[in-house]
Amino acid sequence: MPAGRRTPATFLADSSRLDSVVQLLDEVFVRSRGGGLSMADRFPHLLQEPDDRVRIFVAPSAEEVQAVTLSRRFECVCGVSRRPGVMVGLVATYPAARGRGLASALLERARVAAVADGAEFAVLWTGNPGFYRRLGWTQGDRGLLGELSGCGPVGPVPPPDKLDSESLRWVEAVRAKFLPARIEREPSSYRILPAPVDRLELYRCSAGAGDAYALAGRTDGLSVLYELVGASECFEQLWSSIRRGSDAVLVNGAVGDEGTDWLKAQGGIAWRPQPLAMWLPLTENAQADSLTSWHVPFLDRI
């Protein structure tokens, strides 16, 4: 920060500020991009009923919240061990308030709170890595984006499974069996609706070798496959369910992911790197070079 410029006042928001926070986030991420669902509907576990793992940092004024940053504590299950971390996101500032160091100050406040909460590292996702590099973050991500276009609808959309408590317990059992490294989830984790989808669908399959599932979002002829996990013998059936009724399919995959490798082998999908993750070690136990080899799926992100 240039000499003579004061660090802007920040504080941890309480629930009374949620309406102002959502108003700012919708202005920056929704209305300025042509409209759509409110951010409160896309992230209800953060912006409607936040629990004690969520922190909302704001730069206030007398009239409105000028800038906001959210963080959420989580645990990475890594075999028999657990690694506590903090994810950071929804960094937003009203255009008229930009250039005053508000976002930088809020990110620093989030870092201090993460250390106090016992996190070993922090992670965020951005298309503007330069800003975060200047604040000490390191870029690294195994993420891939696949696109299958021009396929045309290949039949009626099969009915998805209900995202009820029984189905989610089943999904979690599959994740535990096939994903030794994963982010711990709660039922609220499955309420997220990443843009541009307007609904999340679950497809389940059981075969002789085991179980598998696919989680996808849909909107206006577009399907977005977020996860393909489990016994590979089921993948063909699940992939067919995702493609049906869609003019195009996007795939959020990762290098080394079994579902992504299977899809690559099918051909027809154009792949490109999607290096959106940035990492910040907070303790001596966390090293940037090891963190950047991890991948956090879309449904686990802020």
Side-chain angles (χ1 to χ4, degrees), residues 1-2 5-30 32 38-75 84-138 183 188-189 192 194 276-283 286 296 300-302:
M1 183 172 295
R5 179 178 292 182
R6 296 180 59 190
T7 300
T10 65
F11 70 100
L12 187 63
D14 58 30
S15 59
S16 67
R17 287 277 183 168
L18 272 181
D19 288 345
S20 295
V21 167
V22 171
Q23 182 178 346
L24 167 55
L25 293 174
D26 283 351
E27 177 64 30
V28 173
F29 294 115
V30 181
S32 67
S38 168
M39 297 299 284
D41 294 322
R42 295 203 177 279
F43 297 95
H45 64 311
L46 302 177
L47 298 170
Q48 292 184 25
E49 300 173 358
D51 59 28
D52 60 3
R53 286 164 293 188
V54 178
R55 301 281 187 266
I56 304 175
F57 305 93
V58 301
S61 69
E63 297 81 19
E64 63 187 7
V65 170
Q66 296 180 312
V68 62
T69 297
L70 274 76
S71 70
R72 184 174 186 269
R73 300 193 306 276
F74 71 100
E75 284 193 340
V86 164
M87 57 183 67
V88 177
L90 303 184
V91 181
T93 305
Y94 275 119
R98 291 172 185 167
R100 294 161 47 189
L102 297 177
S104 298
L106 293 177
L107 287 163
E108 173 60 15
R109 183 68 181 270
R111 184 196 68 79
V112 171
V115 171
D117 286 334
E120 294 183 7
F121 63 92
V123 60
L124 58 80
W125 298 269
T126 182
N128 180 24
F131 170 74
Y132 296 96
R133 283 197 196 101
R134 292 192 292 272
L135 299 176
W137 296 73
T138 299
I183 305 301
S188 62
S189 303
I192 186 175
L276 300 178
M278 302 199 76
W279 306 84
L280 185 68
L282 300 175
T283 70
V296 179
D300 292 313
R301 304 178 188 181
I302 287 182

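Keep in mind the model is a prediction, meaning the values are calculated, not measured.
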Practice item. Please name the pair of heavy atoms, one in Asp26 and one in Met39, separated by the smallest distance, quoted to 0.1 Å. Key: OD1-N, 2.8 Å

Point to revise | Residue pair Thr283 / Ala119: nearest heavy atoms and the distance that separates them | key: CG2-O, 3.6 Å

Check your understanding: Looking only at heavy atoms, what is the nearest atom pair of Val91 and Phe29, with distance?
Key -> O-CZ, 3.6 Å

Exercise for review: Using a 4.5 Å cut-off on heavy atoms from C-beta on, say whether the side chain of Thr93 contacts that of Leu24.
Suggested key: no

Point to revise | Donor-acceptor pair, side chain of Arg72 and main chain of Ile302, under 3.5 angstrom | key: no

Point to revise | Interatomic distance, Leu282 atom CG to Phe121 atom CZ [nearest 0.5 angstrom] | key: 9.0 Å

Exercise for review: Would you indicate whether the side-chain heavy atoms of Ser20 and Glu64 approach each other to under 4.5 Å?
Suggested key: no

Practice item. First locate atom OG1 of Thr126, then atom CZ of Arg133, and finally report the distance between them rounded to the nearest 0.5 Å. Key: 10.0 Å

Review point. Do Thr138 and Leu280 touch side chain to side chain, with heavy atoms closer than 4.5 Å?
Key: no

Check your understanding: Could you go step by step and tell me if Leu25 and Leu47 meet the side chain to side chain contact (heavy atoms under 4.5 Å, CB included) rule?
Key -> CA-CA 10 Å; Leu25 293 174; Leu47 298 170; 3.8 Å; yes

Study note, to complete from the structure: Here the pair of heavy atoms bringing Arg42 nearest to Pro194 is NH1-O, 3.5 Å

**Study point:** Atom pair OG/CG of Ser104 and Leu135 - distance to nearest 0.5 Å
**Key:** 4.5 Å

Exercise for review: Before accepting this row, confirm whether a basic side-chain N of the pair Asp117/Arg55 lies closer than 4.0 Å to the acidic partner's carboxylate O.
Suggested key: yes

Point to revise | Side chains of Trp125 and Met278 in contact at under 4.5 Å (non-hydrogen atoms) | key: no

Check your understanding: Is there a donor-acceptor pair under 3.5 Å between the side chain of Gln48 and the backbone N or O of Ala40?
Key -> yes

Practice item. Determine the minimum heavy-atom distance between Arg301 and Leu276, stating which atoms define it. Key: NH1-CD1, 4.2 Å

Exercise for review: For the residue pair Val68 and Ile56, establish whether any side-chain heavy-atom pair is separated by less than 4.5 Å.
Suggested key: yes

**Study point:** Donor-acceptor pair, side chain of Arg73 and main chain of Gly85, under 3.5 angstrom
**Key:** no

Exercise for review: Under the side chain to side chain contact (heavy atoms under 4.5 Å, CB included) rule, what do Ser38 and Val22 come out as? Steps first, then yes or no, please.
Suggested key: CA-CA 8 Å; Ser38 168; Val22 171; 3.7 Å; yes

Review point. Shortest non-hydrogen contact from Val88 to Trp137?
Key: CG2-CH2, 4.2 Å

Exercise for review: Determine whether Phe74 and Met87 make a side-chain contact, defined as any pair of heavy atoms from C-beta on separated by less than 4.5 Å.
Suggested key: yes

Check your understanding: Taking atom OG1 of Thr69 and atom CG of Leu90, what is their separation to the nearest 0.5 Å?
Key -> 9.0 Å

Check your understanding: Side-chain contact, heavy-atom cut-off 4.5 Å: Leu107 with Tyr132?
Key -> yes

Check your understanding: Going from CZ on Arg109 to CZ on Phe57, what distance comes out if it is rounded to the nearest 0.5 angstrom?
Key -> 6.5 Å

Review point. CZ/Arg53 to OG/Ser71 distance, rounded to the nearest 0.5 angstrom?
Key: 12.5 Å

